[in-house]
There are 2 protein chains.
Amino acid sequence: MRKLPAKLASQLYGAAELIAERGLDGTKIEDIAEATGIPKATIYYHLDGKNAVLEFLLGDLLDMIAGAVGVAVASEENARTRLEAAVQAQLGVMLEHPSLCRALVGDLGRATRLLELAAALRTAFYEPIEQLLAEGVSDGSLRQVADPGAVALSVFGAITLAGLSAAVEGPSADPSADAARFSAAVSELVLDGLATPGSRDQRRSEPL
Amino acid sequence: MRKLPAKLASQLYGAAELIAERGLDGTKIEDIAEATGIPKATIYYHLDGKNAVLEFLLGDLLDMIAGAVGVAVASEENARTRLEAAVQAQLGVMLEHPSLCRALVGDLGRATRLLELAAALRTAFYEPIEQLLAEGVSDGSLRQVADPGAVALSVFGAITLAGLSAAVEGPSADPSADAARFSAAVSELVLDGLATPGSRDQRRSEPL
DNA sequence: ATCGTAGTTGTACTTCCAGTACAAACCATG
DNA sequence: CATGGTTTGTACTGGAAGTACAACTACGAT
């Protein structure tokens, strides 16, 4: 499995729609061959099999997201603003590639062993976000939280499920508008929380 | 596919571990038969195939979560407290059944068509949470948000990814302690947000 | 211009496994 | 003990993933 030539890579995207629709299971290699225009033999020459198609797509999406988030996180703004930008960046990429997202939720396990995925996500997300949290504490734009790792994870979850749901509900006419709408909602939640100031004290009321 | 006898149902759980480990792909029906002690022919007598095994497990997990969340949401407390309870309820169930969770993320698409899943989740989660949000506004314990649907979704995402990650990272010695730890982190995020009061004004600084 | 290397593709083949068929046992319950 | 649902072993079928391989192309190096 050397590094796939660019032309083939771009053709492979034609498979995403298909897989998103029918699932990897319901998609024969021959179907993929037909849809992408890459003959089966060629696919097997470059890729290690059906799952590798998905692996490739997953890797690509992850790269895109990581790239966009990386840019968002690297600006000069305060941490809070950069966090907002990161939210928007991830949602932007996801909504631009809804079928990729759909294909992947359905067959994640075919694309990667879950542990590898977790590791990849860790470097692509938690670490940036965790660092952002730390920087936010320094620059005073974000609160200190008890468990930054878990919080970073939850933030990622909030963004991701919003994006996924948008991808699963039919594709929208204006992805970037959707992205903006969802970003606003997610940012509102993640930054300001849901509690009213008044209720804030009775926090540790129940014993657990 | 009539209604599976209880004994078989319980035996089927033995398959979750297996599927979690190897993925549904890497798990032959014969493996499942061996692991559960249910002979292949019997499996096919009751279930419509390999995917149906997963469907059954998914349905069950969903029911457990929906049940627990339902109870949490139904108490007499204010909405804010009930939201916290809901978080803890979902995480509790997930961490009690880590291999079920792992099996499912990996092969979601095999268990359900994604749209059906979305629909099931909608009734099991967004609706309760959305209602909670509304009630919180009434009883003054939660803020009014612009897009309750999207926010409910994000809350669900935050909880779910936290739980999933816990399930994927090896199983813990004390699931309920983990649940408590994650609940605290998620609740902190979801209720209080990350922003400092000071940074709250410069909100809509960037365009779009 | 030719040789070697890497990629491309069609075709035919093998392998493996999900799912099926079916018959024989196994229970209940009347 | 007869009937009807269940249980299970065994043997079989079908279909799709992946492999083998040979013919062909493109092209850079010598």
Side-chain angles (χ1 to χ4, degrees), chain A residues 1-60 103-104 106-113, chain B residues 1-60 103-104 106-113:
Chain A
M1 206 160 102
R2 6 219 166 304
K3 206 166 69 46
L4 204 58
K7 178 174 178 190
L8 291 188
S10 80
Q11 285 179 279
L12 261 194
Y13 280 83
E17 183 83 21
L18 210 58
I19 297 174
E21 221 58 55
R22 311 187 197 163
L24 193 58
D25 229 25
T27 311
K28 297 181 244 192
I29 281 275
E30 304 277 12
D31 296 338
I32 296 178
E34 196 177 351
T36 59
I38 312 170
K40 171 173 155 175
T42 306
I43 295 178
Y44 275 105
Y45 179 76
H46 290 284
L47 264 36
D48 284 349
K50 198 157 99 163
N51 294 355
V53 173
L54 211 58
E55 260 165 53
F56 165 78
L57 294 174
L58 169 66
D60 225 51
L104 287 167
D107 293 279
L108 245 197
R110 309 283 281 270
T112 335
R113 211 85 292 281
Chain B
M1 206 161 103
R2 6 215 165 310
K3 206 166 67 51
L4 203 58
K7 178 173 178 191
L8 290 189
S10 81
Q11 284 180 280
L12 261 193
Y13 280 83
E17 183 83 21
L18 209 58
I19 297 173
E21 221 59 54
R22 311 186 196 164
L24 193 58
D25 227 25
T27 310
K28 297 178 248 196
I29 281 274
E30 304 276 13
D31 296 338
I32 296 179
E34 196 178 350
T36 59
I38 312 170
K40 171 175 154 173
T42 307
I43 296 178
Y44 276 105
Y45 181 77
H46 290 283
L47 263 35
D48 284 348
K50 199 156 97 162
N51 294 355
V53 173
L54 210 57
E55 261 165 53
F56 165 77
L57 294 174
L58 170 66
D60 226 50
L104 288 168
D107 292 280
L108 248 196
R110 310 283 282 271
T112 336
R113 210 86 291 280

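Every chain is numbered from 1 and lettered A, B, ... according to where its sequence line falls, protein lines coming before strand lines.
- One can place NZ of A/Lys7 at 15 Å from P of C/dG7, the figure rounded to the nearest angstrom.
- Closest to the side chain of B/His46, from the set D/dT8, C/dA18, D/dT7, is D/dT7.
- In terms of heavy atoms, A/Ser10 sits closest to A/Lys7 at OG-O, 2.9 Å.
- Atoms CG (A/Asp25) and P (D/dA16) sit 11 Å apart, rounded to a whole Å.
- Minimum atom distance to the side chain of A/Leu8 is reached by C/dT8, of the listed C/dA18, D/dT7, C/dT8.
- Taking both residues in full, the closest heavy atoms of B/Asp31 and B/Arg22 are given as OD2-NH1, 3.2 Å, listed atom of the first, atom of the second, then distance.
- Rounding to the nearest 0.5 Å places CG of A/Leu108 at 12.0 Å from CG of A/Leu24.
- The nearest whole Å value for the distance from the CG atom in A/Leu4 to the C1' atom in C/dT8 is 14 Å.
- In this structure, B/Ile29 atom CD1 and D/dG9 atom C1' are separated by 16 Å, rounded to whole Å.
- Minimum heavy-atom separation, A/Lys50 to A/Asp25: NZ-O, 4.0 Å.
- Taking side-chain N and O atoms only, A/Tyr45 has a distance below 4.0 Å to OP1 or OP2 of C/dG7.
- Rounding to the nearest 0.5 Å gives a distance of 8.0 Å between CG of B/Leu54 and CZ of B/Arg110.
- If you take CG of B/Asn51 and C1' of C/dA18, they are 10 Å apart, rounded to a whole angstrom.
- Atoms CG (B/Leu54) and P (C/dA18) sit 14 Å apart, rounded to a whole Å.
- Along DNA chain D, the nucleotide closest to B/Pro5 and the one closest to A/Glu30 are compared, and the more 5′ of them pairs with B/Pro5.
- The distance between atom CD1 of A/Ile43 and atom C1' of D/dA16, rounded to the nearest whole Å, is 14 Å.
- Out of D/dA17, C/dT9, C/dA18, the shortest distance to the side chain of B/Tyr44 is found at C/dA18.
- For B/Lys40 and C/dG19, a side-chain-to-base donor-acceptor distance below 3.5 Å is present, hydrogens and geometry of angles not being considered.
- Note: CD1 (B/Ile32) to C1' (C/dC17) measures 12 Å, nearest angstrom.
- Listed nucleotides: D/dA17, C/dG10, C/dC17. Nearest to the side chain of B/Lys28: C/dC17.
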